[in-house]
Peer 1: 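Quick one: this structure, given as structure tokens, is what I'll be asking you about.
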Amino acid sequence: MAQLTQQQNSLHFKGDLLIANVSETLADLQKLQLASPLTLDFSGVKEVDTVAISMILEIQRRLNHDYTHPGNMSVVGVPDNLRSLMQLYGVDGFLLN
């Protein structure tokens, strides 16, 4: 199970971000007010699958939708398994600016 906490303009993820448990994390995410610039911290994440990438893209979409200018977002603390998935899907350059 994943845990999501917000501290000002930072979202901190802990635990496992897997398709089997992402619905709770997405429900928690929908309740949060996101503000740009936003930092996504994945340093507490252990296991991931492709749903983690989808969630990051969804957060970016929300930021872009909520602001007249594209929302500024940074992704930090990326574990090796998530970095490998980002590279596999060709989004590492876009998400890890």
Side-chain angles (χ1 to χ4, degrees):
M1 181 172 176
Q3 290 181 320
L4 170 62
T5 57
Q6 183 176 27
Q7 294 176 331
Q8 298 180 346
N9 285 15
S10 295
L11 299 181
H12 301 271
F13 297 87
K14 290 184 179 178
D16 299 333
L17 280 172
L18 303 170
I19 196 160
N21 64 19
V22 75
S23 59
E24 294 174 21
T25 305
L26 288 174
D28 291 342
L29 183 63
Q30 292 300 321
K31 298 173 190 171
L32 300 177
Q33 182 71 33
L34 303 181
S36 182
L38 181 67
T39 299
L40 307 181
D41 182 1
F42 289 90
S43 60
V45 171
K46 296 178 182 173
E47 296 293 325
V48 297
D49 61 21
T50 56
V51 76
I53 295 173
S54 297
M55 187 180 61
I56 295 169
L57 293 173
E58 169 60 16
I59 293 169
Q60 181 67 62
R61 186 199 64 76
R62 276 186 60 190
L63 283 176
N64 290 345
H65 180 264
D66 294 345
Y67 294 92
T68 52
H69 300 287
N72 187 10
M73 182 180 81
S74 59
V75 181
V76 300
V78 177
D80 289 341
N81 50 4
L82 181 54
R83 185 177 301 276
S84 293
L85 284 172
M86 288 176 174
Q87 291 169 341
L88 179 66
Y89 287 94
V91 295
D92 55 320
F94 170 70
L95 295 176
L96 300 175
N97 26 331

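Position 1 is the first residue of the sequence; numbering continues from there. Everything numeric in this text was worked out from a predicted model, so none of it was measured.
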Peer 1: For the residue pair Leu34 and Met73, establish whether any side-chain heavy-atom pair is separated by less than 4.5 Å.
Peer 2: no
Peer 1: Determine whether Leu40 and Val76 fall in the same hydrophobic cluster, where Ile, Leu, Val, Met, Phe, Trp and Tyr are linked whenever their side-chain heavy atoms lie under 4.5 Å apart.
Peer 2: no
Peer 1: Any non-hydrogen side-chain atom of Leu82 less than 4.5 Å from a side-chain atom of Val45?
Peer 2: no
Peer 1: What residues, two or more places apart in sequence or in another chain, satisfy side-chain hydrogen bond (donor to acceptor under 3.5 Å, both in side chains) together with Thr5?
Peer 2: none
Peer 1: Considering only heavy atoms from C-beta outward, does the side chain of Ile59 approach that of Arg62 to under 4.5 Å?
Peer 2: no
Peer 1: Looking at Asn9 and Pro37, what are the two nearest heavy atoms and their distance?
Peer 2: ND2-O, 3.0 Å
Peer 1: Quick one: salt bridge (Lys or Arg N to Asp or Glu O under 4.0 Å) pairs with a partner in residues 48-60, sequence neighbours left out?
Peer 2: Glu58-Arg61
Peer 1: Any idea which heavy atoms bring Leu95 and Val75 closest together, and the distance?
Peer 2: O-CG2, 3.5 Å
Peer 1: Name the atoms and distances for all side-chain donor-acceptor pairs under 3.5 Å in residues 10-22, with sequence neighbours left out.
Peer 2:
unit_1, atom_1, unit_2, atom_2, d
His12, ND1, Asp41, OD2, 3.1
His12, NE2, Gln7, OE1, 3.1
Asp16, OD1, Glu47, N, 3.1
Asn21, OD1, Leu18, N, 3.1
Asn21, ND2, Asp16, O, 2.8

Peer 1: What are the two closest non-hydrogen atoms of Leu4 and Thr25, and how far apart are they?
Peer 2: CD2-O, 4.0 Å
Peer 1: Compare all side-chain heavy atoms of Gln60 with those of Asn64 and state whether any distance is below 4.5 angstrom.
Peer 2: yes
Peer 1: Is there side-chain contact between Ile56 and Phe42, with at least one heavy-atom pair below 4.5 Å?
Peer 2: yes
Peer 1: For the CD atom of Gln8 and the CD atom of Gln6, what is their distance to the nearest 0.5 Å?
Peer 2: 9.5 Å
Peer 1: Not counting sequence neighbours, list each pair that qualifies as a side-chain hydrogen bond (donor to acceptor under 3.5 Å, both in side chains) and has a residue in residues 79-92.
Peer 2: none
Peer 1: Can a donor-acceptor pair be found, under 3.5 Å and without considering hydrogens, that links the side chain of Asn72 to the backbone of Ser36?
Peer 2: no
